[in-house]
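In what follows, a single structure is set out as structure tokens and then discussed.
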Amino acid sequence: MGKALDGVRILDFTHVQSGPTCTQLLAWFGADVIKVEKAGTGDITREQLRDIPEADSLYFTMLNHNKRSVTIDTKNPEGKKVLETLIKSCDVLVENFAPGALDRMGFSWEHIQELNPRMIVASVKGFGPGPYQDCKVYENVAQCAGGAASTTGFDDGPPVVSGAQIGDSGTGLHLALGIVTALYQRTMTGRGQKVLAAMQDGVLNLCRVKLRDQQRLERTGVMKEYPQYPNGTFGEAVPRAGNASGGGQPGWILKCKGWEADPNAYIYFITQAPVWAKICNVIGKEEWATDPDYATPAARLPHLKDIFAEIERWTMTKTKFEAMEILNKYDIPCGPILSMKEIAEDESLRKTGTIVEVDHPVRGKYLTVGNPIKLSDSPTDVTRSPLLGEHTDEVLTEIGYSMGQIDALRTAGAI
Ligand code: CAO
């Protein structure tokens, strides 16, 4: 079976996490992704957080599946010429260098356009145009600058960053959508274009509901679904809401049996309005279904803390999986707090290809997260990440270099 992006060639100048997330997705959809790396070292993550000496780290292998690797010194004049040939033969150039680095290499938008007017040039940057446009940015900087950290955590504690890499992987996802959209537009215009995904913007997009709440707060001074209501105080900005669901259906994380020893013996419990009577039955508080102080969502808002305390008395008598089984029978929305260990061992995630075991010639077998986006006509086969420069000869031959020329480039230090 063919792949959705068969025939699309990507010149992949990405490193670390945000850019590689994007190009890995495109590779999984069938694009030919040619990763350009510095000779000798390559993507810095190859050696970061290593768990096996001399083997590419999991950080690298888990973000660079299905790609090919070529090593080119982009500051060497001969290396620049190789790059120019590659630009002419590719559809998209993706990069997440520090601001200005591509220009300093001599590959401005104008120059790339001269070489290939159909080329789409896609970039991740920390910030869009503005006071911080020249800043280098990593994940947690973006989480802080995009509004996530100020709205995450508990009211009486400091801002908190999330384990989900919404700054890096989140922005990579945004960029991937920008690229396929630009490819689609190119089918009509014949022209390439610039695609920019700034990490601050990507995080803010994922924090959209918090900007909604900022405006609600300014208008009404109170947000009744927040844990600060009714006894706490609201300031000028959206407060940290702990584990409140943030939507119209109140939720909280509750202890389950074994919580004293197991840090993940918890369940997320949502008191969805349509199943309120069933919740009351399950926890043995039938009277709450008709009590005017508890019977409607609005009436419950001032009592949420007590309600969740009462529900927790019930969840503490069950393991999170026992609670799930019972609650699901009544369509009560809930979710176990799964540890990474439990996820790694989850059979159903392996069956769907969301968790995949991959074999690597140096490190051996390891687990990775496969393509979370499933296309019925474009299935994903996850193949290992490339060794540094593994495909230099192969790719250069494809774009017209003879073995003699390749040897000369190698002697000149260009590749
Ligand atoms: N041959 C020769 N030189 C190369 C090369 C190659 N193949 N590939 C890259 N280089 C050079 C670049 O040209 C650049 O040189 P100059 O500084 O002289 O222009 C240099 O390597 C380093 O690039 P960099 O500044 O991007 O790398 P860094 O490690 O200093 O910064 C990062 C890393 C991530 C902070 C920065 O790239 C950045 O802000 N990127 C945009 C935001 C982003 O994606 N952040 C998320 C990263 S994931 O957490």
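Atoms within a ligand are numbered from 1 in the order they appear, just like the ligands themselves.
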I need the atoms of ligand 1 closer than 4.0 Å to a non-hydrogen atom of Q17, numbered in the order shown.
48 (S)

Nearest 0.5 Å, please: how far is CD in Q17 from CE in M62?
10.5 Å

Taking only non-hydrogen atoms of E37 and a 4.0 Å limit, the atoms of ligand 1 in range are 7 (N)

For ligand 1, the portion of T171 having any non-hydrogen atom under 4.0 Å away:
neither

Starting from atom 40 (N) of ligand 1, find the nearest protein heavy-atom neighbour and note its residue, name and distance.
N96 O, 2.9 Å

Quick one: does T152's side chain have a donor or acceptor within less than 3.5 Å of a partner on A149's backbone?
no

Tell me which protein heavy atom sits closest to atom 26 (O) of ligand 1, plus the residue, atom name and distance to 0.1 Å.
A98 N, 2.7 Å

With rounding to the nearest 0.5 angstrom, report the CD1 to CZ distance, I44 to F60.
12.5 Å

Part of K38 with heavy atoms under 4.0 Å of ligand 1, whether side chain, backbone, both or neither:
both

For ligand 1, which atoms have a heavy atom of V124 less than 4.0 angstrom away?
41 (C), 44 (O)

Is the cationic atom of R240 (NZ for Lys, CZ for Arg) positioned less than 6.0 Å from the six-membered ring centroid of F154 and within 45 degrees of its normal?
no

Test of understanding: given a 4.0 Å heavy-atom threshold, classify the contact between M199 and ligand 1 as side chain, backbone, both, or neither.
side chain

On a heavy-atom basis, I'd like to know which of R104, K75, M105 is closest to atom 18 (O) of ligand 1.
K75

CZ-OG distance between R46 and S69, expressed to the nearest 0.5 angstrom
5.0 Å

Near I72, which atoms of ligand 1 are under 4.0 Å from a heavy atom of that residue?
1 (N), 6 (C), 7 (N)

Under a 3.5 Å threshold, yes or no: a donor from one side chain and an acceptor from the other, between E84 and H111?
yes

Side chain of K75, backbone of R104: donor and acceptor closer than 3.5 Å?
no

Name the option, out of Y138, F107, F97, that contains the heavy atom nearest to atom 33 (C) of ligand 1.
Y138

Which of the numbered atoms in ligand 1 are below 4.0 angstrom from a heavy atom of S18?
43 (C), 44 (O), 46 (C), 48 (S)

Ligand 1 atoms in contact with D73 (distance to a heavy atom under 4.0 Å)
1 (N), 2 (C)

Considering the heavy atoms of V16, write down every atom of ligand 1 situated less than 4.0 Å from one of them.
47 (C), 48 (S), 49 (O)

Tell me whether atom 4 (C) of ligand 1 lies less than 4.0 Å from at least one protein heavy-atom position.
yes

Taking atom 2 (C) of ligand 1 as the point of reference, which of N140, T21, D134, T74 owns the nearest heavy atom?
T74

Side-chain contact, heavy-atom cut-off 4.5 Å: I373 with F29?
yes

Among protein heavy atoms, which sits nearest to atom 45 (N) of ligand 1, and what does the distance come to when rounded to 0.1 Å?
V137 O, 2.7 Å

Do E95 and S123 have side-chain N/O donor and acceptor atoms under 3.5 Å apart?
yes

E310 and K305 ion-paired at < 4.0 Å:
no

Which of parallel (below 30°), tilted (30 to 60°) and perpendicular (above 60°) describes F308 and F269?
perpendicular

Nearest heavy atom to atom 37 (O) of ligand 1, choosing from K136, H15, Q165, belongs to H15

Closest to atom 46 (C) of ligand 1 among protein heavy atoms sits D168 OD1, 3.2 Å

Between W28 and H65, what is the ring plane arrangement, given parallel below 30°, perpendicular above 60°, and tilted in between?
parallel

